[in-house]
Peer 1: 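First the structure, then my questions, so here it is.
In what follows, chains are A, B, ... by sequence order, proteins preceding strands, each numbered from 1.
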2 protein chains.
Amino acid sequence: MREFKRKSRILLIDDNADHLRGVKELITLESSYDVVGATTSANMGTNLAKKYRPDIILMDINMPEKDGLQTIQELEKLDLGVKVIALSGYDDADLIFRAMKLGAKGYVLKTMASAQLIYAIDEVASGKIYLPTALTSRFFEYFQRSFKEEAQTSTEENLLTYLTAREEEVLELLTQGNNYKGIAGKLFISETTVKTHVNNIFQKLQVNDRTQAVLYALNNGFANRKAIRA
Amino acid sequence: MREFKRKSRILLIDDNADHLRGVKELITLESSYDVVGATTSANMGTNLAKKYRPDIILMDINMPEKDGLQTIQELEKLDLGVKVIALSGYDDADLIFRAMKLGAKGYVLKTMASAQLIYAIDEVASGKIYLPTALTSRFFEYFQRSFKEEAQTSTEENLLTYLTAREEEVLELLTQGNNYKGIAGKLFISETTVKTHVNNIFQKLQVNDRTQAVLYALNNGFANRKAIRA
DNA sequence: CTATTTATCAATCCAAAGATGTAAGACAAA
DNA sequence: TTTGTCTTACATCTTTGGATTGATAAATAG
């Protein structure tokens, strides 16, 4: 059932014409991949991708004209099934993180050895994700830093723990945008009872109105809390 | 200024006593690390960590008694500066993702070769983050999947785009829990003007009250939108 | 078994929020 | 210039929200 393995088709996008030519020669001479297109324009690149349906795109993400990251996002949204490898001159953690977040299958530095670029393409072509060790470390430092606050608030003593089960139910319906009548209807209790619960919630969360209560709930892992317990 | 390099101190936590003993012997015999403690209890492990301040903890995350992931979270919150390597029998993407999210500096499978475990410790001891290639791929697949919806909604046509600049300002203050008076004060305009803006926002977002407007904003990347543009 | 907590409901009362219509000045585009 | 949009503003009216007090039954903890 598996189709015959053919040469992967590659599209190159790099606003630096010299570098573009260099990479093209490298791939043509030292690998068995087909370069089906090469352009210095991001917009043109998107069009070529739609036209030639390459397996892999090597995309420079440091382009002045149009942001390479944005182009990656566009390509992913088109859902062409193409695997994008980000090419960059910078090993900036934020850049790496954003590229991977947007769906890049690899991130390689322009300063890397030719052999390593070919290796990266091989890995990505075979369905894996390729990030050099050093960049993996950078990525994770950034990743963990961005989750650190969240991890702390989610276990920290928070006022939500003082709510009773019923109050949590009411609060959940509040976080779904219900008014008193809506909540009363969904819980099969009177509107005045709902008011009582909501007032108790305000006291416990030390807020003045429902919007603040909802914001408190969302900012303090209310949804997560339930998901974890479930 | 750099202090003399000493042997890294390691603490082992694994509810499987046999495996615990095996790893201890491996490290003692085939590496130059000091095993300063070894326990089958997660709670005891946390205490030992506080007492002996190891450089590295090898933590089994598949323990029935207490969740290893939860223990990692506790350790990170204590901020002991210890580097935790997650040890697991499973290469489940969700497990890997959660471990790394909580701050693990590495994730190795129990089925991996001894030499690779030592290598992982070496890497982590030197300040890097270690994930075997195969697990890195799994991690990123999970990572990118979890961001896919977000990436789509953030570019999708959404009702927020119809808001004027001023309305966005007002909405932002709404998402911070302000009432009419608060918004009027912060924007130096009258309360009735704020009401006008808010009503227009309701029309454009097709909602009935401020809570729904705030929820719509938060669920459709309102904060992100601003951060990205800035 | 009693004291406390929880869930339920009600009656007020006032404040805040929301709906609707109107309108003037600024400014930009056609 | 005219047209349209945006921002500002006000009046009026209705509905909803929030605070307070009090009360009852059931469950739970000590």
Peer 1: Please list all pairs passing the ring pair (Phe, Tyr, Trp, His ring centres under 6.0 Å) test where one or both residues lie in residues 168-195 of chain B, with sequence neighbours left out.
Peer 2: none

Peer 1: Does NZ in Lys204(A) sit with more than 12 non-hydrogen atoms of other residues, nucleotides or ligands closer than 6.0 Å?
Peer 2: yes

Peer 1: Taking only residues two or more places apart in sequence, or in another chain, which ones meet Lys51(A) in a side-chain contact (heavy atoms from CB on, under 4.5 Å)?
Peer 2: none

Peer 1: Taking CG from Leu187(B) and P from dC6(D), how many angstroms apart are they, rounded to a whole number?
Peer 2: 17 Å

Peer 1: Just wondering, more than 12 heavy atoms not from Lys110(B) lying within 6.0 Å of its NZ?
Peer 2: yes

Peer 1: Quick one: are Val108(B) and Leu87(B) in side-chain contact, heavy atoms under 4.5 Å?
Peer 2: yes

Peer 1: Mind calculating the distance between CD1 (Ile201(A)) and C1' (dG17(D)) to the nearest angstrom?
Peer 2: 14 Å

Peer 1: Counting primed atoms plus P, OP1 and OP2 as sugar-phosphate and everything else as base, spell out the protein contacts along nucleotides 16-30 of chain C at 4.0 Å heavy-atom distance: B, S or - for each nucleotide, 5' to 3'.
Peer 2: -BBBB----------

Peer 1: Show your reasoning for whether side-chain hydrogen bond (donor to acceptor under 3.5 Å, both in side chains) applies to Asp15(A) and Thr40(A).
Peer 2: CA-CA 4 Å; Asp15(A) 74 316; Thr40(A) 57; over 6 Å; no

Peer 1: My understanding is that only residues two or more places apart in sequence, or in another chain, count here; which of them pass ring-ring contact (aromatic ring centres under 6.0 Å, His included) with Phe97(A)?
Peer 2: Phe139(A), Tyr142(A), Phe143(B)

Peer 1: Atom CD of Glu169(B) and atom P of dC6(D): how far apart are they, to the nearest Å?
Peer 2: 14 Å

Peer 1: Would you list the protein and nucleotides 4-7 of chain C atom pairs, both N or O, that sit under 3.5 Å from each other?
Peer 2:
| from | atom 1 | to | atom 2 | distance (Å) |
| --- | --- | --- | --- | --- |
| dA7(C) | OP1 | Arg166(A) | N | 3.3 |
| dA7(C) | OP2 | Thr164(A) | OG1 | 2.6 |

Peer 1: Name all residues meeting the side-chain contact (heavy atoms from CB on, under 4.5 Å) criterion together with Met44(B); count only those two or more places apart in sequence or in a different chain, and write none if there are none.
Peer 2: Thr39(B), Ser41(B), Leu48(B)

Peer 1: If I take atom CD1 in residue Ile183(A) and atom P in nucleotide dC9(C), what distance separates them, rounded to the nearest angstrom?
Peer 2: 14 Å

Peer 1: Under 4.0 angstrom, heavy atoms only, what part of the nucleic acid is Ser190(A) near: base, sugar-phosphate, or nothing?
Peer 2: sugar-phosphate

